[in-house]
Amino acid sequence: MEIADLPLPAQLAASYTDHGIRELYPPQAACVEAGLFSGKNLLIAIPTASGKTLVAEMAMHHQVANGGKCLYIVPLRALASEKFEEFSGKGLRVGIATGDFDRRDEYLGRNDIIVATSEKVDSLLRNQTPWLSEISLLVIDEVHLIDDPSRGATLEMVITKLRHKNEGLQIIALSATIGNPGDLAGWLDAELVESDWRPVELREGAFLLDTIHFTDSIRRIERRSKHEDLDLVLDTVAEGGQCLVFVSSRKNAEAFAKRAASGLKLSNPILAGYADWIRSNATTDMGRTLAACVGMGAAFHHAGLPREERQIVEQGFREGQIKVIASTPTLAAGLNLPARRVIIRDYLRFNAGEGMVPIPVREYRQMAGRAGRPHLDPYGEAILIAKSDDMVDELFDCYIEAPPEDVRSRCADEAILCTHVLSLIATGFARERNEVLGFMDGTFYANQGENPLALKRVVDRVLDFLLEAEMITDVGGWLEATEYGSLVSRLYIDPRSAELIVTAMTGRKEYTEIGLLHLLCSTPDMSTLYVRQKDIYLLDRFLADHQDELWLEIPWDGGEGFDRSLKTALLLADWVNETGEDTICERYNVGPGDIHGMVESVTWLVHAAQRLAGLFAPHLLHPIEEMELRVQHGVRREVLPLIRLRGIGRVRARRLFNNGIDSIEALRAAGPERVGNILGSGIAARIFEQLDGGGGEIGEPAETQSTLSRFG
DNA sequence: TACCTAACGCTATAGACAGCATGTC
DNA sequence: CTATAGCGTTAGGTA
């Protein structure tokens, strides 16, 4: 099927031909035949890299040409940016909406295509965003994530809400290969397009000692090192390919990258350039290790890395300079980063409470699908590593030839349903008990024929909780959200978090920094740090001195959850007391990326706490507002007056403060010249522009003078 | 005595969405 | 309540 024969706007067709795309891949053609351009709903279950995005893009342009508006839902922020870039510059107005990147919020509705994460769409729905009802085409990327235990229900509810709201909505759902695509297609009233066609041949096999066993052939690998897994890498590189190695833990990723680096020992100016950049920005051991590895052509990739380092690694790999990346599952689900050979070294992963658990077939497929770069590699290889003879057969049975798992609804979970039921009531999707159940009839859960009574019981319990918490009221069967409930729904926090926060804030405890942080870290919305044996001593010592500063009771059973939230709170306390990044990383055994993640989460929660304080504990409003600024910037209280200026962050504020400038007044008194000496004249000029310009309300009067003497 | 190595036991374990209002070094 | 690699400790060996 030729591009030229399709009902596409001229500009899009031209953009495709410019990129050498003239003909559709067979599965893409199947989508057109299944009714892509005639408004049919489609469930497209085809392998990674076989052109799903293009199908969606064509449908979106066709839709817009007919006066429609499109919403493209993705599971990750990084994916949102990737798709945003991809869709931009082809004649349509494209917008992006994610938690960290939505400066166009106001104008979002003017776009033809909006790319957003599922949580962001849910949030927009909760805030009654008007343009959502104009959406005529909904694209759901990675729809199989409806099965994700923690986030799947949100996706399911968002889909159900949008279908409920927008009559005649066309849905295009993109999925990995799953066991029961028929179920999902049935729910969505969609035509099913299924195929295992790929643009690059994929060979899957299991490796033992020095031999790759494929389905009907074997391939010997030269022994080049002490480690078999490394031999596989060196072999790929010797043939001019690149390698992606999936391992189960960060430590393994780093260890493998080190081994690969000393096995490869590459050296060229470009790699050296990357290594220098990483080294000069690195503040931690981890960063220096990465720099050393990258200099020799290998890298590791996990969530502890700071964003910039992650991007360098990805870029270096795309350019073909970095030959190997040893990665945790970060790369499995995330960006499009193909390699000739993918090695799945660890297929067991530690799972709290369960021990080592084999990864699902779907995840294996996800990783294996990364093998083979279209137009660049002659073929792709996905290789599992066996430790014994028997393992080879087992790996074939359990992964290579195994059918992928079925997808199941996750929305019957009581804790998760709680937040969604509240939002249904707060936004008027349901006004009575039966309407809640009626709405749930439209979910995948109900469609899969799960026990409706079980769901009813859960819904009843959830409603009882919400009534008890006074987030909703029930007047003669008529359900309505209270001001509290509506706020919780819009803040997008778990109602259980809100209850915990409100209860603690209205208790008779005095405000303390650690009290607030620990409270927020005890919330189900905050992920907490792992507690090691040697941390326990430190935690106990902290408790001995500061027990009475905590807002929450210490559980008598010395629960693990308590230790975890306390450790996390201590990390954040260090952050707002300007402890250096390297010290924090070492003390808590985390990477810069983890700090960033936790700071981001807690900033969101402090904001929520601030709004809740406005409703229930006005006396806490001011200190919590201060904490909001402090976590955002990672600064002590004493530099807050300075931080409010644009162009001043934690470093510059600290530098000014240490030079005796602790307030707006002091800044004025010092004058541009002296400030210029401290920070550089360009920045000084920008600061004084703000001071002289209309910004009369910037900063606060100096109220922190008492602590000044410490630094003078 | 200084130094190295093999053997052993212990320890720790992936990822990342959401508010709000604009700019860090 | 699983698997595995990395690491620290220690015993044993060698120059």
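All values below were derived from every heavy atom in this structure, side-chain atoms included, with hydrogens, water molecules and symmetry-related copies excluded. Chain naming here is simple, since letters A, B, ... match the order of the sequence lines and numbering starts at 1 in each.
Nucleotides B/dA14 and C/dG6 place their P atoms 14 Å apart, quoted to the nearest Å. Taking the P atom of each, B/dC20 and C/dC1 are spaced 44 Å apart, rounded to whole Å.
For the pair A/His227 NE2 and C/dT4 C1', the computed distance is 14 Å after rounding to whole Å. As rounded to whole Å, 12 Å separates atom C1' of B/dC25 from atom CD1 of A/Ile643. Counting to the nearest Å, the C1' atom of B/dT24 and the CD atom of A/Glu578 are 14 Å from each other. Note: CG (A/Leu679) to C1' (B/dG23) measures 16 Å, nearest angstrom. Atoms CZ (A/Arg655) and P (B/dC25) sit 8 Å apart, rounded to a whole Å. Remark: C1' of B/dC20 and CD1 of A/Ile624 are 16 Å apart, rounded to the nearest angstrom. For A/Ile683 and B/dG23, the CD1 to P distance is 16 Å, given to the nearest whole Å. The distance between atom CG of A/Leu491 and atom C1' of B/dA18, rounded to the nearest whole Å, is 10 Å.
Remark: the backbone N or O of A/Ser150 is paired with a side-chain donor or acceptor of A/Asp148 at under 3.5 angstrom.
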Would you sort out whether A/Val631 and A/Leu572 count as a side-chain contact (heavy atoms from CB on, under 4.5 Å), showing the intermediate values? CA-CA 8 Å; A/Val631 289; A/Leu572 291 164; 5.6 Å; no

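In terms of phosphate contacts, A/Lys258 brings no side-chain nitrogen or oxygen within less than 4.0 Å of OP1 or OP2 of C/dG6. Taking side-chain N and O atoms only, A/Thr117 has a distance below 4.0 Å to OP1 or OP2 of B/dA18.
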Can you build the contact string for nucleotides 11-16 of chain B? Use B for base contact, S for sugar-phosphate-only contact, and - for no protein heavy atom under 4.0 Å. -SBBSB

Pairs under 3.5 Å (N/O, protein and nucleotides 5-9 of chain B):
none

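Annotation for A/Arg288 and A/Ala282: closest pair N-CB, 4.0 Å, computed over non-hydrogen atoms.
The pair A/Arg410-A/Glu156 does not count as a salt bridge, with every side-chain nitrogen at least 4.0 angstrom from each carboxylate oxygen.
In A/Glu586, the CD atom is not crowded: 12 or fewer heavy atoms of neighbouring residues, nucleotides or ligands sit closer than 6.0 Å.
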Each base of DNA chain B marked ( ) or [ ] if paired in-strand (Watson-Crick or G-U under 3.5 Å), | if paired to another strand and . if unpaired gives |||||||||||||............

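Between B/dT22, C/dG6, B/dG19, one nucleotide has an atom nearer to the side chain of A/Thr603 than all others, and that is B/dG19.
Taking the ring centre of A/Trp575 as origin, the terminal cationic atom of A/Arg650 falls inside the region bounded by 6.0 Å and 45° from the ring axis.
On a pure distance criterion of 3.5 Å, no polar donor-acceptor pair joins the side chain of A/Gln610 and the base of B/dG19.
A/Tyr72 and A/Phe84 have their aromatic ring centers separated by at least 6.0 angstrom.
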